> 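Encoded as C-alpha cells, here's the structure I'll be asking about.
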Amino acid sequence: APWPLFTAPGAGDDVIEVISTDFFKVDGGTGVDTLRLSGNYLSLDLASMAPEVIKNIEHVDLGNNNNQLWISKYAVLALSSETNQLYVHGGPTDQFFVAEADSWIQSGEVQYQGSSFTRYVNISAEVFVENTIPQQNVEEFVSSRRYYFDTTSNGADVQNDVHNQPVLIRINNSAIIDAVQPGAPDIRFLDNDGITELPYEIDHWDQSANSAAVWVLVPKVDGNSDQDFITLLYDDIIDGSVVSAENPAALWANYAGVWHFQTNEALDSSAYENHGVEIGSVGSANGFVGRAATFSGNDAYRVPYSPSLDVAGRAFSVETWYTSNTCESSIFSRHTLDMISRSDGDHFWRVQSAHFLLSLLVVNSRIDRAAFEIGDASGSRRTVGGSVFPLYFSDCLEHVVATYDPILGTSVYINGTLRTQTANVYNMEQQQDLVLGGHGTNYDLMLDEVRLSRTLLDADRIKLNYQNQISSSSFVFTQ
C-alpha cells in the first residue's frame, strides 16, 4: 500500500525525508521546502506523476544514494506555488533525466550555498542541477551568437516599443550554418534575459549556399534603442541529440494565415492551417525573403473559407511583398492586378498592384501605387497608396500593408509608410474563399510573405516589418 500522506504546512523552510517513492502525497506548504530521498536506488519520476502528488517543493535532494530524478517542463511549473524554479542536489552516484519530448537548454552555471549548479531553461521553467550529478539527455549547445536590434534613426527608426513581434534573422555566417545538423534541428533562441526560450520557424537553411533565415517571436523590441538583443544557441555537443523545436503556431498566433511559399506550395504557417489549393500552374522564384510564388492569367492559390478568415465586425490587416510588370511606362495604360482577394461579387475586399496610367497629355501620366478596395451591396471604396508622376521604366516592387477597421475604415502603407486613409466602412463578410493571385491578365505577378492578421497592425509594427525584411536592413546586427 502507498505510504501515508506527508505534509509540512507552515511558513518554515522544511525538509521532508522519504525512504520510498511509493507515497500518496507530499505537500511542503509555504517557504522553501526540500524533498530528500533517504532510500537507495529510488526513481522519482516527476514527468509521469500526477501534479497533485507532490506540491510546494522547491528543492529535491537525491542524497548521492544511487537515485534517479526525471522531470518535465510541466512538472517543474506545477511543483511549487511560489516559484518556477527547481534545485536538484545530489552526487556522482545519482542521475538526472528530462522527459524525451521536452526541449531544455543549458544556460550557464550558478553558485548556490557553496556548490556549482548547471542551469537549464524551458520557456518559463528553470532547473538548477548540482554539477556532481550526471546529467543525461539534456540539450547542450557548443556555441552562441547575439543578434542586436537597432531601432534608432541609424536603424529601423522606430521610437516606440513593439510587443510580440516576429523578427526575421538572416544568417550568412558559414561557421554557424555549417556547424548545425541538416535541417537545423540544433538551434534555439533565447530572449535577452538568457532564460526565456522563443518560438521560431525556419524560413530556409541552405548549407550549400551559406544562407539561412529564421523567424523568431520577440516578446518586446525596444523602441529607439540599439542595446536590445536575442541569443542564438547552436551546434549540439552530441550530434543528433537535439530535435527540432520549431513552433510556427505560437510564432504566428495573431495571424489567420502566413504563406512563405518556401516549398512551391501555399502552406500556411499559422495554427489555422489555411493551406492554399493550387489552380492552374503557379510558379516559384527567388523572392524578397526566400522563395516566392509567381502568377500569370488565372493561376492562383485558393484558400477555402474557414471561421479564422471571418472578419465580420472585426479589424484585420493584410500584407505582402510583390512585384509586377504593370508599372513600366508604355503607349497604353496597364492593368492593375488583383493580388489577394475575397469576393462573392457584391461583397469583397482585394489588394491590388500598382499600375501605369497614360492620359492624353503625357505630362500627366502617372503610376498609381498599390491599393485596397472593399465593398458590399451598398457600394465600395478604393484606397490608393499614392501616385508617382515621372515616367517609370521598370517593374513595380513594393511592400504593401492594408488595414481595415469597422469603425475607422482603411489605411494603406507602402514600404513601411502610411500613404492614405479613408473612413468608409462596409459589411463584406459572406464566408468567401481567400484567393492569392488569379488576376486573369497576361501580366506577371510575384508574391512573397503574404500575411492575414486578425488584428489592426499599427504604424510602428508595419514600419518595423518593412525595415526588418528589406535586403539592405540595418535593423538586425551582430557584434
Side-chain angles (χ1 to χ4, degrees), residues 1-8 13-29 31-107 112 115 117-140 188 195 197 236-238 240-245:
W3 280 50
L5 173 70
F6 287 84
T7 61
D13 298 339
D14 304 301
V15 177
I16 302 173
E17 292 195 17
V18 296
I19 61 173
S20 168
T21 58
D22 189 23
F23 46 75
F24 176 67
K25 180 178 289 188
V26 171
D27 189 339
V32 178
D33 303 300
T34 301
L35 177 63
R36 178 177 295 160
L37 304 188
S38 298
N40 299 313
Y41 298 97
L42 303 181
S43 181
L44 181 61
D45 189 354
L46 298 179
S48 61
M49 188 176 292
E52 64 271 13
V53 175
I54 300 179
K55 297 174 61 178
N56 297 309
I57 292 294
E58 290 74 35
H59 292 248
V60 172
D61 186 352
L62 300 178
N64 195 23
N65 292 323
N66 295 286
N67 293 322
Q68 296 181 348
L69 175 66
W70 291 81
I71 62 102
S72 70
K73 174 184 70 175
Y74 296 109
V76 172
L77 293 176
L79 200 57
S80 171
S81 60
E82 300 185 13
T83 181
N84 59 352
Q85 297 178 339
L86 172 66
Y87 279 81
V88 181
H89 308 259
T93 67
D94 300 317
Q95 290 182 299
F96 171 78
F97 300 91
V98 300
E100 185 174 343
D102 267 16
S103 176
W104 291 89
I105 295 173
Q106 186 186 82
S107 183
Y112 181 79
S115 298
F117 288 73
T118 298
R119 179 173 66 175
Y120 297 99
V121 297
N122 187 331
I123 312 296
S124 57
E126 294 181 76
V127 175
F128 300 84
V129 183
E130 193 166 3
N131 286 350
T132 54
I133 302 174
Q135 297 158 39
Q136 307 295 321
N137 75 315
V138 185
E139 296 173 3
E140 295 184 74
R188 298 292 187 270
I195 297 173
E197 188 176 349
D236 49 355
I237 289 178
I238 302 174
S241 63
V242 176
V243 299
S244 174

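Along the sequence shown, the residues carry numbers beginning at 1. Predicted model only: the values in this text are computed from it and were never measured.
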> What is the distance from atom CG of Leu69 to atom CG of Leu86, rounded to the nearest 0.5 Å?
7.0 Å
> Could you pull out all residues at least two apart from Asn131 that satisfy side-chain hydrogen bond (donor to acceptor under 3.5 Å, both in side chains)?
Glu109, Thr118
> So, do Val129 and Tyr120 sit near enough that their side-chain heavy atoms are less than 4.5 Å apart?
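Heavy-atom side-chain distance check passes, below 4.5 Å.
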> Output all residues satisfying side-chain hydrogen bond (donor to acceptor under 3.5 Å, both in side chains) with Gln85, sequence neighbours left out; order by chain, then residue number.
Glu126
> Using side-chain contact (heavy atoms from CB on, under 4.5 Å), reason through Leu35 and Val26 one step at a time and then give a plain yes or no.
CA-CA 8 Å; Leu35 177 63; Val26 171; 4.3 Å; yes
> Would a 4.5 Å heavy-atom cut-off, applied to side chains only, mark Leu37 and Asp61 as touching?
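Not touching, per the 4.5 Å side-chain cut-off.
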> Give a yes-or-no answer on whether the side chains of Ser81 and Asn56 include a donor-acceptor pair shorter than 3.5 Å.
yes
> Judged by atom type as modelled, is there a donor-acceptor pair below 3.5 Å linking the side chain of Ser20 to the main-chain atoms of Asp22?
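Answer holds: yes.
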> Do Arg119 and Val121 have side chains that approach each other closer than 4.5 Å (heavy atoms only, starting at C-beta)?
yes
> Looking only at heavy atoms, which two atoms of Glu130 and Gly90 are closest? And how far apart?
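Closest pair (atom of Glu130, atom of Gly90, distance): OE1-N, 3.1 Å.
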> Could you go through the side-chain contact (heavy atoms from CB on, under 4.5 Å) check for Ile71 and Phe96 one step at a time?
CA-CA 8 Å; Ile71 62 102; Phe96 171 78; 3.7 Å; yes
> For the atom pair CG (Leu46) and CH2 (Trp70), what is the distance rounded to the nearest 0.5 Å?
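Between Leu46 CG and Trp70 CH2, I get 12.0 Å after rounding to 0.5 Å.
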> Given side chains that start at C-beta, do those of Leu42 and Asn65 come closer than 4.5 Å, heavy atoms only?
no
> Tell me whether Glu82 contacts the main-chain N or O of Gly31 through its side chain, where contact means a donor paired with an acceptor under 3.5 Å.
yes
> List in chain and number order the residues that pass side-chain hydrogen bond (donor to acceptor under 3.5 Å, both in side chains) with Ser38, two or more places apart in sequence or in another chain; answer none if no residue qualifies.
Glu17
> Without swapping roles, check the side chain of Asp33 against the backbone of Asp14 for a donor-acceptor pair under 3.5 Å.
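At least one qualifying donor-acceptor pair exists.
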> Flag the pair Asn67 / Leu44 as yes when at least one side-chain heavy-atom distance between them is below 4.5 Å, and no otherwise.
no
> Going by atom types alone, do Glu58 and Thr83 pair a side-chain donor with an acceptor below 3.5 Å?
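On atom types as modelled, these side chains do not qualify, holding no pair under 3.5 Å.
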> Is any side-chain heavy atom of Lys73 closer than 4.5 Å to one of Trp104?
yes
> I'd like to check the side-chain contact (heavy atoms from CB on, under 4.5 Å) partners of Ala245; sequence neighbours left out, ordered by chain and number.
Ser103, Arg188, Glu197, Tyr200
> Report yes if some heavy atom in the side chain of Ile54 is under 4.5 Å from a heavy atom in the side chain of Met49; otherwise report no.
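They are in contact (side-chain heavy atoms under 4.5 Å apart), so the answer is yes.
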> Rounded to the nearest 0.5 Å, how far does CD1 of Ile57 lie from CG of Asp27?
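Interatomic distance, Asp27 CG to Ile57 CD1, rounded to 0.5 Å: 7.5 Å.
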> For the residue pair Asn64 and Pro92, establish whether any side-chain heavy-atom pair is separated by less than 4.5 Å.
yes
> Any chance you could measure Asn66, atom CG, to Thr93, atom OG1, to the nearest 0.5 Å?
4.0 Å
> How would you list, by chain and number, every residue that makes a side-chain contact (heavy atoms from CB on, under 4.5 Å) with Tyr112, sequence neighbours excluded?
His59, Tyr87, His89, Phe117
> Please test Thr34 against Ile16 for side-chain contact (heavy atoms from CB on, under 4.5 Å), starting from the C-alpha separation and ending with a verdict.
CA-CA 6 Å; Thr34 301; Ile16 302 173; over 6 Å; no
> Output all residues satisfying side-chain hydrogen bond (donor to acceptor under 3.5 Å, both in side chains) with Thr132, sequence neighbours left out; order by chain, then residue number.
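So Thr132 forms no side-chain hydrogen bond (donor to acceptor under 3.5 Å, both in side chains) with any residue.
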